[in-house]
Amino acid sequence: EEALAWAHERLSTEGYNSPVVTTMAELDAITPEMAEFMVIPPIVPGTPNELVQAMRRLHQRGVNLICFEEVAGLEDFFGVKRRNDGGIQVTKAGSEVFSHKKAVAYYDCHDAEVILKGGENGEIPLVMVKNTAHGKTAFFNLPPTVVRKESLRERFSHGRKSVSQEMPQ
């Protein structure tokens with residue numbers, strides 16, 4: 001997932017460490033002394049309840065959470081509520097205009113602080129943070145890599161012309 005890689009790259013350049021966890025047993029072993037926060041993958045509807053509960057226990061132990069796109073079953077921790085319309089296409093974040101099929105916001109703000117809005121009139125919460133009884137959470141309502149995603153074709157003229165001398169013949 002691009003969003004997870006983006007987050008780990010951004011955070012590691014700032015000197016933060018967020019462990020890579022591959023099993024629930026590892027997740028249950030993480031403490032705030034080991035990691036100030038955990039970047040978690042989108043928690044989509046249908047995610048096994050035992051995994052959602054493991055994420056709850058992680059935050060209840062004081063580990064801050066960062067998540068992207070979906071937080072099914074953890075809405076209270078992130079201060080969001082799922083939209084009734086199935087999601088809304090976003091083409092503007094702050095002053096940046098873009099177009100990407102995955103730029104869909106599935107959540108509205110419930111009781112989080114909105115730190116970046118999008119949409120034509122700035123009505124869509126894109127990045128939200130919340131102070132909980134256990135720590136902090138941050139939620140990106142769409143993948144950050146779809147906002148003004150760099151086009152390989154535009155950057156390197158990919159796909160326009162072949163450099164092969166043999167293929168055209």
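Just the heavy atoms: all of them, side chains too, but no hydrogens, waters or symmetry mates, feed the values below. Keep in mind that this is a model prediction, so the values were computed, not measured.
Remark: Asp76 engages Arg56 in a salt bridge, criterion side-chain N to carboxylate O under 4.0 Å. A salt bridge between Lys81 and Asp108 is absent, with no side-chain N of the basic residue lying under 4.0 Å from a carboxylate O of the acidic one.
Within the 4.5 Å cutoff, the side chain of Val80 has heavy atoms near those of the Val71 side chain. Contact of the Leu58 side chain with the Leu65 side chain is registered, since non-hydrogen atoms from C-beta on lie closer than 4.5 Å. Residues Tyr106 and Arg82 form a side-chain contact, since some pair of their non-hydrogen atoms from C-beta on lies under 4.5 Å apart. Val52 places a side-chain heavy atom less than 4.5 Å from the side chain of Ile43. No side-chain heavy atom of Val63 sits less than 4.5 Å from a side-chain heavy atom of Glu36. Counting heavy atoms from C-beta on, the side chains of Phe68 and Val39 come closer than 4.5 Å. Proximity of Phe78 to Cys67: side-chain heavy atoms (C-beta onward) are separated by under 4.5 Å at one or more points. Phe77 has its side chain within reach of Gln60: a pair of non-hydrogen atoms, C-beta onward, lies under 4.5 Å apart.
Between the side chain of Glu50 and the main chain of Pro48, no donor-acceptor pair closer than 3.5 Å is present. Counting only distance, with no hydrogens or angles, the side chain of Asp85 and the backbone of Gly87 share a donor-acceptor pair below 3.5 Å. Of the possible polar contacts, none joining the Gln53 side chain to the Leu51 backbone as a donor-acceptor pair under 3.5 Å is found.
Under the 4.5 Å side-chain heavy-atom criterion for grouping Ile, Leu, Val, Met, Phe, Trp and Tyr, Met34 is connected to Met55 within one hydrophobic cluster. By the criterion of side-chain heavy atoms lying less than 4.5 angstrom apart, applied directly or through intervening Ile, Leu, Val, Met, Phe, Trp or Tyr residues, Phe37 is grouped together with Ile115 in one hydrophobic cluster. By the rule that hydrophobic residues join a cluster once side-chain heavy atoms approach within less than 4.5 Å of another member, Phe98 and Ile88 end up as members of one cluster.
Across every non-hydrogen atom of Val114 and Pro125, the tightest pair is CG2-CB, 3.8 Å. Here the closest non-hydrogen pair linking Ala29 and Arg61 is N-NH2, 4.4 Å. Among all heavy-atom pairs drawn from Glu69 and Pro143, the shortest one is CD-CG, 3.4 Å. The shortest non-hydrogen separation linking Gly94 to Leu116 is N-CD1, 4.0 Å.
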Discussion item. Before you tell me yes or no, could you show the steps for Ile66 and Met38 under side chain to side chain contact (heavy atoms under 4.5 Å, CB included), namely the whole-Å CA-CA distance, both residues' side-chain angles and the distance that decides it to 0.1 Å?
Written reply: CA-CA 6 Å; Ile66 300 172; Met38 180 73 72; over 6 Å; no
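When the shell of 6.0 Å around NE2 of His134 is examined, it contains more than 12 heavy atoms from other residues, nucleotides or ligands.
The residue from Leu126, Leu142, Ile124, Asn141 that alone fulfils the side chain to side chain contact (heavy atoms under 4.5 Å, CB included) condition with Tyr107 is Asn141.
Note: Glu96 CD to Thr91 OG1 = 12.5 Å, rounded to the nearest 0.5 Å.
A donor atom on one side chain and an acceptor atom on the other are found under 3.5 Å apart for Thr132 and His59.
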